[in-house]
Enquirer: 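Provided herewith is a single structure, encoded as structure tokens, for subsequent inquiry.
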Amino acid sequence: METQDFRFSSQISHLALDIGGTLIKLVYFSSNGDHCEESRDGTSIVVRNNGGSVLQGKLCFAKFETRKIDDCLEFIRFNILHHSGDQHQNGTACDKLTVKATGGGAFKFADLFKEKLGIVFDKEDEMHCLVGGANFLLKTVPREAFTYLDGQKEFVEIDHNDLYPYLLVNIGSGVSMIKVDGDGEYERISGTSLGGGTFLGLGKLLTKCKSFDELLELSHHGNNRVIDMLVGDIYGGTDYSKIGLSSTAIASSFGKAISDGKELEDYQPEDVARSLLRMISNNIGQIAYLNALRFDLKRIFFGGFFIRGLEYTMDTISVAVHFWSRGEAKAMFLTHEGFLGALGAFASYNKTQSHDTNDLKPHHHHHHTVQQREETFNCSGEISVLTSFDSIVPDQLVFQIGNKMVYHSSFVEEEGITKACGCPLLPLKSHIKGPAPVSEQDRTDIVDEAITFFRANVFFTNFDIKSPADKLLIYLTFYINVALKRLEGCRTLAVGTKAIINLGLEDIPVPGEAEFPFPGLFPLPQSNEEADLFRNYLKQVREETSGRLLSVAYRANGTPNKWWLAFAKRKFMNVVVL
């Protein structure tokens, strides 16, 4: 297989990955230009380039199941990287991209990322990244830590001068318990193999759920008391007050299955999922407190994607810590719980590429220095987080691209090209009847360019036109935006195809008609013949674009490709898509 040559998008840098046994977590910086939208969804940071100008941007977060690593590769390829095509003088491809990575998958999948994306992992120690990510959040982000008990969520003010020591409990596939004494000072003191991997593994066997999220959602509707043996079941509905056990306390997880005389199929899967979640959460909370007790630690921070902000999970852990500590210790949770390792890897760019070896600073007026070479950001210096950091929605993908790098058409040669309304009637690789000349099948045409550049160009609110072909590129970018809007909600290729066919049956306006989306983009037709020629060309190029768009908007099995359909919500050039 020929290795493709990729580079970072001009708006993206600092990609860091934490590849675990169950999930892959990504953090990356995306520049935030003057015309960005939806800024509430990201973490504002600033960078200073070597010219002294400041770029504002976002910290963006994404996660994938490790078993679906191809989805992760596809996401990085289409949303973080661009095909370069740059060559050295000796004809070899550009240098490989080096990114920070941690977790066991940084070793296991290193060859895969190198082969598919040309990415070389600069591996960082997993425990070091977990601690670094937690310290980064606790010292930098307002309203990051909170308690959750009896349905009440309360944010905790963190005194940076009295942060250490604390216990960090990271719940991934397994559980690590780390005593943190300072920046870079930590010790893994314990752990348990009963973690998120146990929950998903047993859950798949017992309920037939296929994913972590599906299992969590199922547990939300269950009742663990159907399966768990409670203290009240043993004591005739009363408390065991002598030792402080209420009648609702769990005496034995899954204990009722011993005497109920039922088979697995006799229980509701949601009750099984609930009992399983309660068993593992309770176990982790108890073990965490016992380890905190060993070292007289009063603060216990829980992180990892096992929690997922699920109220029931947090409440179970909190109750366990509260019960076993008799109220002396508190379980605390982190808003960005699942990205500790990835954030730690992200923060490690400071140490390897800057003379300043300190961790990320919490001060709001430091700037991050980047050097720009061949439209690629290389990392060095400090990263600083502004006060809007607390507005992050960690599970929501954030695409914030400024107006620094519009992708233009390569069809700048006009000699011999027929025009209508000032638009070149460029050749198409098409068997659809129309006025377009036929292009060779192995050559890129304007439809290829429009689809390839769409997910970058759709973010722009203005477009610096370099050639007449750019006008056609603008029109097709808008049309793809319209087509994706029609495909939104079409859950199969068959339904999507029908929607696109209906779109193709609609009237096609030309310049001078009220429905044309870009007044002034093209000159008005000078005759009915010119108007008809342009209308027929637009019809042909739209139909060709529709066919190729379907092939990327849906996967081979006919299911929607979310990395395309998510862009239906964009507004190219601020034109409203109906």
Enquirer: Does S409 use its side chain to pair, donor to acceptor, with the backbone of A469 at less than 3.5 Å?
Expert: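 Such a contact is absent between S409 side chain and A469 backbone.
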Enquirer: Could you check T22 against S173 for side chain to side chain donor-acceptor pair (under 3.5 Å), going step by step and ending with a plain yes or no?
Expert: CA-CA 6 Å; T22 305; S173 298; 2.6 Å; yes
Enquirer: Strictly distance-based, threshold 3.5 Å: is any side-chain N or O of S439 a donor or acceptor partner for the main-chain N or O of P427?
Expert: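 Checked: no pair found.
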Enquirer: Is the closest side-chain heavy-atom distance between P424 and T418 below 4.5 Å?
Expert: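 No, too far: nothing below the 4.5 Å cut-off.
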Enquirer: Do you know the tightest heavy-atom contact between A436 and Q540?
Expert: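 Answer, listing the atom of A436 first, then Q540: N-OE1, 2.9 Å.
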Enquirer: Would you say the ring centroid of F75 lies under 6.0 angstrom from that of F64?
Expert: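 Here the rings of F64 and F75 have centres that are less than 6.0 Å from each other.
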Enquirer: May I ask you to decide whether R308 forms a salt bridge with E337, counting only side-chain N to carboxylate O separations under 4.0 Å?
Expert: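 A salt bridge is absent here (no side-chain N lies under 4.0 Å from a carboxylate O).
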Enquirer: To the nearest 0.5 Å, what is the distance between CG on N457 and CG on N481?
Expert: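 Here the rounded value is 11.5 Å.
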Enquirer: Does the ring centre of W563 sit less than 6.0 Å away from the ring centre of F78?
Expert: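 Ring centroids of F78 and W563 are no less than 6.0 Å from each other.
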Enquirer: Between K429 and Q441, what is the shortest heavy-atom contact and its length?
Expert: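 Distance-wise, the nearest heavy atoms are CD-O, 3.2 Å.
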Enquirer: Is there a donor-acceptor contact under 3.5 Å from the side chain of E124 to the main chain of G344?
Expert: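 No, the answer is negative, given that no donor and acceptor are paired below the 3.5 Å cut-off.
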Enquirer: Taking the basic N atoms (NZ, or NE/NH1/NH2) and the acidic carboxylate oxygens, is any pair closer than 4.0 Å for D71 and K562?
Expert: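 A salt bridge is absent here (no side-chain N lies under 4.0 Å from a carboxylate O).
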Enquirer: Centroid-to-centroid, Y28 to H14, below 6.0 Å?
Expert: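 No.
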Enquirer: Could you check whether any side-chain N or O of Y475 sits under 3.5 Å from a backbone N or O of L521, counting only pairs where one atom can act as donor and the other as acceptor?
Expert: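 Answer holds: no.
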Enquirer: Tell me if a side-chain donor or acceptor on S348 pairs with a main-chain N or O of A345 at a distance below 3.5 Å.
Expert: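 Yes.
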Enquirer: Is the side chain of E543 donor-acceptor paired with the backbone N or O of I432 at a distance under 3.5 Å, no angle test?
Expert: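 Absent.
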Enquirer: Quick one: does NZ or CZ of K123 land under 6.0 Å from the six-membered ring centre of F107, within 45 degrees of the ring axis?
Expert: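 Verdict for F107: a cation-pi partner in K123.
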Enquirer: I'd like to know whether the aromatic ring centres of F305 and F339 sit less than 6.0 Å apart in this structure.
Expert: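 Between F305 and F339, the centre distance is under 6.0 Å.
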Enquirer: Please confirm whether the backbone N or O of H336 pairs with a side-chain atom of E144, one donor and one acceptor, at under 3.5 Å?
Expert: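 At least one qualifying donor-acceptor pair exists.
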Enquirer: Is the backbone N or O of V552 less than 3.5 Å from a side-chain atom of N561, with the two atoms forming a donor-acceptor pair by type?
Expert: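 Yes; at least one donor-acceptor contact below 3.5 Å.
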Enquirer: Is the ring centre of F453 less than 6.0 Å from the ring centre of H408?
Expert: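 No, they do not, as the ring centres are separated by 6.0 Å or more.
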Enquirer: Taking 4.0 angstrom as the limit, do R555 and E74 come out as a salt bridge?
Expert: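 So R555 pairs with E74 through a salt bridge.
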Enquirer: Which value, rounded to the nearest 0.5 Å, describes the distance between I480 atom CD1 and R542 atom CZ?
Expert: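 With rounding to 0.5 Å, CD1 (I480) is 11.5 Å from CZ (R542).
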Enquirer: If the threshold is 4.0 Å, N to carboxylate O, is there a salt bridge linking R548 and D445?
Expert: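 Salt bridge: yes.
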Enquirer: Indicate yes or no: at least one non-hydrogen side-chain atom of D18 is less than 4.5 angstrom from one of I24.
Expert: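 Side chain of D18 against side chain of I24, heavy atoms only: no contact under 4.5 Å found.
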Enquirer: Do T559 and N557 pair up side chain to side chain, a donor and an acceptor below 3.5 Å, judged on atom types alone?
Expert: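 Per modelled atom types, T559 and N557 side chains form a pair under 3.5 Å.
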Enquirer: Looking at the rings of F534 and F522, which for Trp means the six-membered one, are their centres under 6.0 Å apart?
Expert: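 Centroid separation for F534 and F522: below 6.0 Å.
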